[in-house]
Amino acid sequence: MAPVARTVLLATAYYVLILLLSSSLIRADNRPSKITVYNYLSIQGSNSTSGYNTVLCGQPPSAQPNSFGQTYCFDMPLLKKRSLTSHLLGRVQGTFVFTALEGSILFVSETFTLNRTSPKGTFTGVGLEFVGRVSSKPITGGTDDFAFANGVATTTPLSNGTDAVGNFFAWFKYEFVFSFRNSLK
């Protein structure tokens with residue numbers, strides 16, 4: 001093969017490779033239809049100085065007979081399996097507020113960030129959860145591989161208790177089901 005033909009062939013192959021790589025990034029081929037992760041919540045105990053990822057960040061001006069009005073802020077791990085030593089996939093950050101005078105209903109606003117695996121990006125879940133029961137809330141918006149995401153986030157409580165330093169803990173399974181719009185039409 002002549003040197004010019006070889007150069008043209010290599011340049012064409014390189015150009016096609018660049019086009020394929022860039023088009024897969026633009027098309028967001030990493031968009032998932034479903035993801036399952038596990039979450040470990042640990043609320044700071046009254047005498048605890050470590051091991052927690054959730055704190056009381058607001059409460060009513062006067063004592064209530066239950067948790068009504070209490071607001072918690074959290075920054076929790078999203079894990080591949082139900083184990084603190086499992087692969088860290090990302091984090092979920094946000095707040096939850098006890099909103100029912102009777103019963104245990106939470107208003108939850110949370111942003112999920114998956115940045116240690118593919119797909120990557122953020123998306124938001126906002127809605128009500130019922131303590132101790134399977135609950136679902138809508139997924140709205142997103143960035144990167146979750147751009148234009150809609151869907152449902154289902155939270156399943158798995159177990160709870162108190163750890164050695166007095167923090168309340170609970171394990172949850174999140175199941176995310178996604179659909180995507182293609183543009184801002």
Shortest non-hydrogen separation from [X] to [Y] and the atoms involved:
X	Y	answer
Phe172	Leu41	CE1-CB, 4.0 Å
Tyr52	Ile43	CB-C, 4.2 Å
Val92	Phe74	O-CD1, 3.6 Å
Asn39	Met76	ND2-CB, 3.3 Å
Pro119	Ile35	CG-CD1, 4.0 Å
Thr154	Ser136	OG1-OG, 3.1 Å

Taking the side chain as everything from C-beta on, heavy atoms only, tell me whether [X] gets closer than 4.5 Å to [Y].
X	Y	value
Lys34	Glu175	yes
Trp171	Leu84	yes
Val126	Val108	no
Phe98	Ile105	no
Gln70	Leu56	yes
Tyr174	Leu78	yes
Val37	Phe176	yes
Lys173	Thr36	yes

Stepwise ring pair (Phe, Tyr, Trp, His ring centres under 6.0 Å) check, Phe178 with Phe123: CA-CA 10 Å; Phe178 298 97; Phe123 55 92; 5.1 Å; yes
Examine distances only and state if a side-chain atom of [X] and a backbone atom of [Y] form a donor-acceptor pair shorter than 3.5 Å.
X	Y	result
Asn160	Gly132	no
Gln64	Ser62	yes
Asp163	Val165	yes
Ser42	Gly51	yes

From Thr122, Asp75, Asn53, residue fulfilling side-chain contact (heavy atoms from CB on, under 4.5 Å) relative to Gln93: Asp75
Pairwise salt bridge (charged side-chain N to carboxylate O under 4.0 Å, His left out) hits with a residue in residues 146-158, at least two apart: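 Of all non-adjacent pairs touching residues 146-158, none passes salt bridge (charged side-chain N to carboxylate O under 4.0 Å, His left out).
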Candidate pair Arg133 and Thr156, rule side-chain hydrogen bond (donor to acceptor under 3.5 Å, both in side chains), full reasoning: CA-CA 7 Å; Arg133 293 180 19 209; Thr156 303; over 6 Å; no
Transitive ILVMFWY side-chain link Leu106 to Phe168, under 4.5 Å: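 Yes, Leu106 connects to Phe168 through the hydrophobic network.
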Same apolar cluster (I L V M F W Y, side chains within < 4.5 Å links), Phe130/Phe107: yes
Separation between [atom1] of [X] and [atom2] of [Y], rounded to the nearest 0.5 Å:
X	Y	atom1	atom2	answer
Ser50	Gln44	OG	CD	9.5 Å
His87	Tyr38	NE2	OH	15.0 Å
Ser159	Tyr40	OG	OH	9.0 Å
Leu89	Asn115	CG	CG	9.5 Å
Ile139	Ser179	CD1	OG	8.5 Å
Gln59	Ser67	CD	OG	10.5 Å

Criterion ring pair (Phe, Tyr, Trp, His ring centres under 6.0 Å) on Phe96 and Tyr72, from CA distance to verdict: CA-CA 5 Å; Phe96 62 86; Tyr72 288 83; 5.1 Å; yes
Donor on one side chain, acceptor on other, [X] and [Y], under 3.5 Å:
X	Y	result
Arg91	Thr111	no
Asn167	Ser48	yes
Thr155	Glu129	yes

Stepwise side-chain hydrogen bond (donor to acceptor under 3.5 Å, both in side chains) check, Thr124 with Thr140: CA-CA 5 Å; Thr124 301; Thr140 57; 5.0 Å; no
Stepwise side-chain hydrogen bond (donor to acceptor under 3.5 Å, both in side chains) test for Ser109 and Thr95: CA-CA 6 Å; Ser109 173; Thr95 59; 5.0 Å; no
